[in-house]
Amino acid sequence: MGFKSYVIRRTLAGIPVFIGLSILIFTLARVLPGDPARLALGPRATDEAVQSLRDEMGLDDPVVVQYFDYMAGLLQGDMGISLITNRNVAADLVYFFPATFELITVGMLIAIAIGVPLGIIAGRNKDEAEDNASRLFAFFGVSMPAFWAAILLQLVFAFHLGLLPATGRIGVEAPPRLTGMMLVDSLIAMDFRAFRSAVAHIALPAFTLALAPMADIARMTRSSFIEELNKDYVHALHSSGIPGKLIAYKYVLKSSFAATLTIIALDYGFLIGSAFLIEIVFAWPGMARYGVDAILANDINAIVGVTLVVGIVFIVANLVVDILYGYFDPRVRYGGDGE
Amino acid sequence: MSRTDPILELRDLEVHFDTFDGRARVINDVDITVDEGETVAIVGESGCGKSVTAETIMGMLPQPPGEIVDGELYYKGEELLGDQTAHERVKSESMGMIFQDPMTSLSPVFTVGEMMRDVLTYQGKTNVGWLEIVRNVLGRRDADEAEMRDRSVELLDQLQIPDPEGVLDRYPIELSGGMRQRVLIAMAMLGEPEFLIADEPTTALDVTVQDQILDLLTEQIERENLSMLYITHNLGVARRIADRIYVMYAGEIAEVGTRDEILDEPLHPYSRGLVDSVPKLTEFDRDGIEGLLPDYTDPPSGCRFHPRCPAAMSGTCDVERPPRYELSSGQEVACHLYEDGLSRAEAAEIAAEEIEFDSGAAFEDRPTSEPAQDRSSVKGESAGTTASIDAQTPRSAEDTDE
Ligand code: SF4
């Protein structure tokens, strides 16, 4: 029973979660009050027109039938027509989601890149100045509201210092769209001017987004690091001649990373939530405005689509972390399903 | 057994711990000598300070709360307690340690082979650079990889681990307790130490496995002509493995002698109690740091054993600390019943006359008429639970394999 079978098992376990999630989201959307067809056509539309749209959308079918129709469509990349954009929701999401995905991923990478070392430094120097400083920082990160941090950062870096742009995704001509992620697209196009501009534009929103998970990660890394440092095997390895620094950064870090991973998975999912806010503050053309508009307009297909994407991000983040978990800690692999 | 130069000499060790109840004087004036090629056992209840002694020798004493107030440690004539760099160097070059609990003493997230490889790569180095750490973590393989593997396999094989090649690629969780302890011994042997400290390495294992481990350990000791300090609460184990025995009580050396002297005709009332009858000693908490025990903050005056001693002489034992008297045979005993230069026969006579335990109940909790007893004893003893130290066979472990 190796790592490969563990990965396959975890991946398959994600499928029923997805199905459950889709049923839940779909049903909830259908029981929302209001008639989507009427809303779409406006108050002056005739009853026949509304009725024919209802027929077209299948709104009078039983929910079960509607669900299976929807899932069948989904498998072919058809998520229904958005009532506001009049395009297929799938096309809308393909258009808007990459920007959001890029933002939260860069945000999470920043959070990890700063949070983990911060936690380790604090853990290795427990109760000393380094530790206190990093705890203070973590405290701020957790307690500062994201929109406030966003405005503060905009003021300082964009307005006063003029170092970074305050809004938007890119300041030069955008590279040809392939993945929808500016950083990746500009690299593929080998357009380094665009890349630099994209980096400058994503810096502030991503950093703002990173603050809260960064603090979480630092705290978790610190406490599990301290816990691991006191384990017997640390003394044993030390006494058999392995230098303390290597023990700390190889053995202890790997053992303690499992706890950090859990936090990362959770936070990654939550980032999509905070991203909605950050996107609006930084005028980031992601899923946020699309989602908000969909909700306001009771644009049923768009709501389901956006929610489903958020759910999938959650599921995939957890899956990736589960797999990493198994990589970092063999006990998980051998302990059955690892829960 | 011919006495040669000591490989390790601990002199006048005094270790205190800062506790919530005040300063605990845990180790009081302890001297231990281990000669080249000799196996010495320290025997005593848990909490008597034997693990603290081992930690001091290995430079692993947590400081604070511990503090080495006094004492010198000579390894082949080189003083170590005053020179941390020297201590680190000697430790990584010449000393090896085998730990108590094989379940927790191996990293759960790396394979046996990976750990052994790191031991072989880094032994003797006290520091590594960042670049080296990154390269290591990224899985760098050296040119002498195969060589290291061979060496590891050879050692695992010597410790009679079946399929040593396969074990190298396994995680500790895939191995039984006995196998893990063998791996731990192999890891301690990898650095080719001259001196081993074993801290109750068989306690966590079940009885048959204990026997095998002891055999394997003895075999290693003999093959490599190692010196060893073996810490145990189990007299049966001490009988099997030790050349000489130190009996420790409450942070002091009560008696020192050859294995046969101590086990056949102990002189100190405490050792007599241990060996003679089937003394009832309190079951102990094995992983607590002794220094956290409040009892040491106010140890009994005079002989620390006097509140429990059947031969205690009031006016002497509770006032004056007994020095270690040396008999003509070389046996040493810290007890006012004896004096320097006695022959063994004379001493044995005194012991037989003076020390009498009422029906083997010497170590039972006394009623409250002797309140000082609680203070002199170790954590848990006053709780009243009793268990025996078995004089002949290894104690059957309750906490066996998983
Ligand atoms: S010195 Fe006195 S109290 Fe101490 S062991 Fe000897 S006889 Fe007992």
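Every chain is numbered from 1 and lettered A, B, ... according to where its sequence line falls, protein lines coming before strand lines.
- Within residues 208-234 of chain A, the residues that have a heavy atom under 4.5 Å from a heavy atom of chain B are A/Asp232, A/Tyr233, listed by number.
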Quiz item: Going through the checks in order, is the side chain to side chain contact (heavy atoms under 4.5 Å, CB included) test met by B/Phe99 and A/Ser239?
Solution: CA-CA 10 Å; B/Phe99 288 81; A/Ser239 88; 3.3 Å; yes

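- Summarising the geometry, atom CZ belonging to B/Arg117 is positioned 10.0 Å from atom CD1 belonging to A/Ile242; distances are rounded to the nearest 0.5 Å.
- Residue contact with chain B, scored on non-hydrogen atoms closer than 4.5 Å, involves the side chain of A/Leu237 exclusively.
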Practice problem: Evaluate the side chain to side chain contact (heavy atoms under 4.5 Å, CB included) criterion for residues A/His238 and B/Glu88: first the C-alpha distance (whole Å), next the side-chain angles of each, then the deciding distance (0.1 Å), finally the verdict. | Solution: CA-CA 10 Å; A/His238 201 217; B/Glu88 281 286 321; 4.1 Å; yes

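- Neither the backbone nor the side chain of B/Met189 comes within contact range of chain A; no heavy atom of the residue lies under 4.5 Å from a heavy atom of that chain.
- Between A/Lys254 and B/Glu114 there is no salt bridge, since no side-chain nitrogen of the basic residue lies less than 4.0 Å from a carboxylate oxygen of the acidic one.
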Practice problem: May I have the step-by-step check of side chain to side chain contact (heavy atoms under 4.5 Å, CB included) for B/Asp118 and A/Lys250, ending in yes or no? | Solution: CA-CA 11 Å; B/Asp118 276 347; A/Lys250 178 174 182 179; 2.7 Å; yes

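- Heavy atoms of other residues, nucleotides or ligands lying less than 6.0 angstrom from CZ of A/Phe157 number 12 at most.
- Note: B/Pro108 leads B/Pro172, B/Gly96, B/Pro108, B/Pro193 in heavy-atom pairs under 4.5 Å with chain A.
- The parts of B/Met97 that come within reach of chain A are both its backbone and its side chain, each placing non-hydrogen atoms under 4.5 angstrom from that chain.
- Residue A/Ala236 comes nearest to B/Ser105 through the heavy atom pair CB-O, 3.3 Å, listed as atom of the first residue, atom of the second, then distance.
- With a 4.5 Å cut-off on non-hydrogen atoms, B/Met60 touches chain A through its side chain but not through its backbone.
- In this structure, the portion of B/Leu106 lying under 4.5 Å from any heavy atom of chain A is its backbone and not its side chain.
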